Amino acid sequence: MPTGSVGQRVASMSPATVKYLVAGLVLVMFVLAVGHLYVIPGLTSRAFGLPLWVYVEVVVVAVLLVIAWIVVQLITSRREAVN
Amino acid sequence: MALTVAQLVFGIYLLFVLLVGVYAARFTEHTPADFYIADRSTGTVVLGLTLVATVLSAFTVFGIGATATGTGLGAFSFLALAAVFYTLVFGTVGATLYEIGAAADVVTPSEYVRERYESPGLGVLYLAVTGIFMISLIAGQLIGGGIALDTLLGIRYLDAILLMAVFMAVYIHIAGYRGVVWSDAIQSTVLFSVLAGVTVYVMFGLDSETIASEAAAATPGLFEMVGPVGAWTPLAVITAALAFTIGVPGYPHTIQRYFSAANEKIMRRSGFLFAIVAIPIYLFGAVLGVWSVGVIPEPPNPDYVIPLFVETLFNPLVFGLVMAGATAAIMSTADSVALTMSSMVSRDVYREFFAPAASEEREVRVAQALLLAVIVVALGLAWLRPAGIFDLIAFAVVGFATTSAPVFLGAYWGGGTAAGGVASLVFGPGITILFFLEYIPASYTFGMHYGFVGVLVAYGIFVAVSLLTRTPTVDARETFGRSFW
């Protein structure tokens, strides 16, 4: 089992695994980014002058940012391992 | 004539920014690497904040408010999604371009294009096409700021655009990139703080629910995601976000920031810092825009609803700060564009074609002179006002998106060619301009954002023509390209 930092663990993965992982996460991002636009518009009741869909969207955007961070870290770690 | 409180606050702010420039000048050297990109020494916080200040412009403070007033809160959806996607580009393409720039001593985007494709002509074409959009962007900023200062602070339009241009010219001239990014860091902090303060105060300190109810009564559908005129369908949101995702990280002045990072890790981190600061600013702008409908149902000028909203509800000190924040957004975009354009002309036209033996100091002196020329041309355009502020800025933003294929694809794809770059730079922006001027009917976008159609054309033509033409030498491809993985 690989141990150590994220970079070391990613370096120990095969290139194909990293690619599939990145592609999968980007797909999740895209599905979440598009999907929430269809799901949340019904949340029209308001709190503090803003509709609920805005609060939900802020959470979705935060989740997307976290996934984006993981994607960038995966790509970077893989490149560093190759170089 | 006695100064108003708002005018005084605004004046103090301008003076403060100028002093930052004067201080930064103490550290600035007259070498291209230092004057154009601070000798590749920019740290995470300053780089993240200068990205914020550069990307957010008059469009942010005035445009989002006006757009939200007419089309609802959906404007936030596309801008927030785009900001998330930017981080992917900053963290991958941005970091790669940083690496190439540091290894091959590249300091301007057109220099990168020229060297990558071994084509001085393509470098000049890139500069010429992006130059049209850059001048439009600076002029749009000055017009927006001029009208706002005239309308809201009582400073005559001509005086206002001259004031902004002179302050900007002075601190860029003496301090170069370092002056720009330090002032940018302050400007984005001011913008964030002011909009956050106003939004939070309205939300919790005032009766935000009544304000929102009155806004919803005045414009039914304002708080629905799709908006009162049905503008923000999921397809419109996602394609607008994708068009901006190519456009904003592809601005020449954004690309120059990639070259300025102190290292790759800083480039990646600053991309995320950008999103963390910019997304709330987008939210504040959109929210204040829709709330303003509840306080000023029929504003005298919808373009300035956010300042008018603040002027109505807050004391003049806060209003002055909002105007300072708005001017900050304007100047921080215009200064970045002006420096990038002047550095590209000096390095990639003057030095490349007219004075290859010129010293580094001479090149910087020429860039300083060109900087003044760029600002004067933009001032002239702003004086003539050939189009409205938002028309000019929208034209520039979507236009930049169509110029990025030779840079972004060139960084990873060895098959990219100079002919592909020329075709992309002619047809991508060309189609976009034809849509913008309505020579091509909007129905041909099939519900997508017209800028996204331009991007598809630019990237598609780049790939197609590249596949049919001869690639540059292996040396150029290896020196100026990298593997994505």
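Within every chain, numbering begins at 1; the chains are lettered A, B, ... in the order of the sequence lines, protein sequences first and strands thereafter. All values reported here derive from a predicted model rather than from experimental measurement.
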Report summary line: Under 4.5 Å to a heavy atom of chain A? For B:Thr199 that would be neither
Query raised in the report: Which atom names give the shortest non-hydrogen contact between A:Gly49 and B:Phe223, and what distance separates them?
Result: O-CE2, 3.5 Å
Query raised in the report: Within a radius of less than 6.0 Å around OH of A:Tyr20, do more than 12 heavy atoms belonging to other residues, nucleotides or ligands occur?
Result: no
Report task. Report the option among B:Met203, B:Glu209, B:Lys265 that has the most heavy-atom pairs separated by less than 4.5 Å from atoms of chain A. Result -> B:Glu209
Query - Close side-chain approach of A:Val71 and B:Thr92, heavy atoms under 4.5 Å - result: no
Query raised in the report: Which region of B:Phe272, side chain (C-beta onward) or backbone (N, CA, C, O), has a non-hydrogen atom less than 4.5 Å from a non-hydrogen atom of chain A, or is it both or neither?
Result: side chain
Report task. Start with the C-alpha distance between B:Phe76 and A:Val58, add both sets of side-chain angles, then the distance that settles side chain to side chain contact (heavy atoms under 4.5 Å, CB included), and finish with yes or no. Result -> CA-CA 10 Å; B:Phe76 166 69; A:Val58 168; 4.3 Å; yes
**Report entry** Segment of A:Val26 engaging chain B (4.5 angstrom heavy-atom cut-off)
**Finding:** neither
Query raised in the report: Side chain, backbone, both or neither: which part of A:Trp53 has a heavy atom under 4.5 Å from chain B?
Result: side chain
Query - Considering all heavy atoms, the nearest A:Val72-B:Thr87 contact - result: CG2-O, 4.1 Å
Report summary line: Whatever's closer than 4.5 Å to a heavy atom in chain B on A:Val61 counts as both
Query - Best-contacting candidate, A:Ile75, A:Val60, A:Val18, against chain B by heavy atom pairs under 4.5 angstrom - result: A:Ile75
Query raised in the report: B:Val202 versus A:Phe48: any side-chain heavy-atom pair under 4.5 Å?
Result: no
Report task. Using non-hydrogen atoms and a 4.5 Å limit, figure out which bit of B:Ser213 sits close to chain A: side chain, backbone, both or neither. Result -> both
Query - Proximity breakdown for A:Leu43 and chain B, heavy-atom pairs closer than 4.5 Å - result: neither
Query raised in the report: For A:Val54 and B:Leu73, what are the C-alpha separation, side-chain angles and deciding distance, and is it a side chain to side chain contact (heavy atoms under 4.5 Å, CB included)?
Result: CA-CA 8 Å; A:Val54 169; B:Leu73 275 173; 3.6 Å; yes
Query raised in the report: chain B: which of A:Ile67, A:Ile40, A:Thr76 shares the most heavy-atom pairs with it under 4.5 Å?
Result: A:Thr76
Query - Reported CD-to-CG distance for the pair A:Glu57 and B:Leu283, which is rounded to 0.5 angstrom - result: 9.0 Å
Query raised in the report: Is chain B contacted by the side chain of A:Ala47, its backbone, both, or neither, given a heavy-atom distance below 4.5 Å?
Result: backbone
Report task. Could you check A:Met29 against B:Leu88 for side chain to side chain contact (heavy atoms under 4.5 Å, CB included), going step by step and ending with a plain yes or no? Result -> CA-CA 11 Å; A:Met29 280 185 77; B:Leu88 293 174; 3.9 Å; yes
Report summary line: Answer key: most heavy-atom pairs under 4.5 Å with chain A among B:Glu224, B:Glu264, B:Arg268 is B:Arg268
Report summary line: If you tally heavy-atom pairs under 4.5 Å between each of B:Pro280, B:Ala216, B:Ala95, B:Ser208 and chain A, the highest tally belongs to B:Ser208
Query raised in the report: Under the side chain to side chain contact (heavy atoms under 4.5 Å, CB included) criterion, do B:Met225 and A:Tyr38 qualify, and how do the steps go?
Result: CA-CA 10 Å; B:Met225 184 181 266; A:Tyr38 288 93; over 6 Å; no
Query - Rounded distance [0.5 Å steps], CG in A:Leu37 versus OG1 in B:Thr233 - result: 9.0 Å
**Report entry** Region of B:Phe90 that comes under 4.5 Å of a non-hydrogen atom in chain A
**Finding:** neither
